[in-house]
2 protein chains.
Amino acid sequence: MRIGELATKAGVSVRALRYYEEQGLLRSVRSTSGQRHYAEEAVDRVQLIQHLYAAGLASRTIAELLPCVDAKVSTPESRARLSAERERIDRQITELIQTRDRLDAIIELTERPDVTGCLVKASGAA
Amino acid sequence: MRIGELATKAGVSVRALRYYEEQGLLRSVRSTSGQRHYAEEAVDRVQLIQHLYAAGLASRTIAELLPCVDAKVSTPESRARLSAERERIDRQITELIQTRDRLDAIIELTERPDVTGCLVKASGAA
DNA sequence: CTTGCCTCTGACGTCAACGTCAGGTTCTAG
DNA sequence: CTAGAACCTGACGTTGACGTCAGAGGCAAG
């Protein structure tokens, strides 16, 4: 498939795909006229890239991780990098859960209709 | 306390605190000479701000949420906004967990020492 | 063959959350 | 009283992941 189709299927922009290639995250086969062509698997790969971006990884980091994903080969460094990022994501999840809980508490406070007094008086209504 | 102390206690830069004030997220009492002074609670507030940033909220969004946190007052819109952001964070957590699990799978693949063949040959070793 | 959409390569624009530097004031320890 | 740290207000710089525009070529339909 060509770049437009991949963009649609993966839910990203054409520009993003070119950018991924520029960053070494995505490869394409070029036709004689220079147009990019992709296999079906590229859809999955693009989505993985998106998820890693969403997890806060930078292009450089992703570029360092993907080769060992492809080759299923690991050096001590790549393994360290993989688990380091895994831990980072894990901490991020923990933090997000805390933030969500805090938001929940806030919602609880602002939504409680039985403490109507605070809406007007905002005095020490325990 | 003054801005430097707050920065240290909250673990952010002085510049960041001034930026928060500029964005309407943090208030300070000015001394006659113009220096900012904060109460102890500011430490908590700054950390909440940081967590919301970490959860992907923009300054504008935080600025819209904080007043109803402060006043513990809620309009229908503020309630909608609060739970909308809560849902966003929730989806983000789900997505992060998926990404983490995917990383785990990758780590499993690259770390497995019993499939030594793929390190050199990378053939169809099931 | 032409119309119209898709694609190409630069290359500059954007936006947010600060970093950083300049030039001047204020506070505090000795 | 004085040196040095901390603070002030602008205001420009930075970074990453793209958006967007310009100008030129490619491809299927009629």
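In what follows, chains carry the letters A, B, and so on, assigned in the order in which the sequence lines appear, proteins first and then strands, with residues in each chain numbered from 1. Model, not experiment: these values are computed from the prediction.
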With a 4.5 Å cut-off on side-chain heavy atoms, are A:Glu5 and A:Thr8 touching? no
Heavy-atom nearest nucleotide on DNA chain C for B:Ala58 versus A:Gly4: which residue maps closer to 5'? A:Gly4
I need the minimum non-hydrogen distance between A:Ala10 and A:Val46, along with the two atoms involved. CB-CG1, 3.6 Å
Atom pair distance, as rounded to whole Å: CD in A:Glu21 and P in C:dG10: 12 Å
Say you draw a straight line from CD of A:Glu95 to CD1 of A:Ile93; how long is it, rounded to the nearest 0.5 Å? 11.5 Å
Rounded distance (Å) that lies between atom C1' of C:dT14 and atom CZ of A:Arg15: 12 Å
How many whole angstroms separate atom CZ of A:Arg18 from atom P of C:dC12? 18 Å
Give the rounded distance in Å between these two atoms: CD of A:Glu5 and P of C:dC5. 18 Å
Any side-chain N or O of A:Tyr20 less than 4.0 Å from the OP1 or OP2 oxygen of D:dA17? no
Give the rounded distance in Å between these two atoms: CZ of A:Arg36 and P of D:dC27. 15 Å
Kindly point out which of D:dA17, D:dC18, C:dA17 is positioned nearest to the side chain of A:Ser59? D:dA17
Exactly one of B:Arg30, B:Arg27, B:Arg45 clears salt bridge (Lys or Arg N to Asp or Glu O under 4.0 Å) with B:Glu21, and that residue is B:Arg30
Should B:Ser13 and B:Tyr19 count as side-chain neighbours, where that means a heavy-atom distance under 4.5 Å? no
Only counting residues at least two apart or in another chain, list the ones meeting ring-ring contact (aromatic ring centres under 6.0 Å, His included) with A:Tyr53. A:Tyr20
Which atom pairs link the protein and nucleotides 23-30 of chain C when you take only N or O atoms and keep those under 3.5 Å?
from	atom 1	to	atom 2	distance (Å)
C:dC27	OP1	B:Ser33	OG	2.9

Whole angstroms only, please: what is the CZ-P distance between A:Arg60 and D:dG16? 9 Å
How long is the line joining NE2 of B:His37 and P of D:dA6, in whole Å? 15 Å
So which atom in A:Gln47 and which in A:Lys9 form the shortest heavy-atom distance, rounded to 0.1 Å? NE2-O, 4.0 Å
Listed by chain and number, what are the side-chain contact (heavy atoms from CB on, under 4.5 Å) partners of A:Leu48, not counting sequence neighbours? A:Leu52, A:Leu66, B:Arg102
How many whole angstroms separate atom CG of A:Leu17 from atom P of D:dT20? 15 Å
Could you tell me the separation between the OG1 atom of A:Thr99 and the CD1 atom of B:Ile89, rounded to the nearest 0.5 Å? 6.0 Å
Tell me, please, which residues at least two apart from A:Gln92 pass side-chain contact (heavy atoms from CB on, under 4.5 Å). A:Arg88, B:Leu96
Considering just the side-chain nitrogens and oxygens of A:Arg30, establish if one lies under 4.0 Å of OP1 or OP2 belonging to D:dG26. no
Less than 4.0 angstrom between a side-chain N/O of A:Tyr19 and OP1 or OP2 of D:dC18, yes or no? no
For DNA chain D, find the residues of residues 89-98 of chain B with a heavy-atom distance under 4.0 Å and give them by number; none if there aren't any. none
Walk me through whether A:Arg2 and A:Arg36 qualify under side-chain contact (heavy atoms from CB on, under 4.5 Å). CA-CA 6 Å; A:Arg2 291 190 300 173; A:Arg36 294 170 176 85; over 6 Å; no
Do B:Glu85 and B:Thr61 pair up side chain to side chain, a donor and an acceptor below 3.5 Å, judged on atom types alone? no
Do any of residues 43-55 of chain A sit with a heavy atom less than 4.0 Å from DNA chain C, and if so which? none
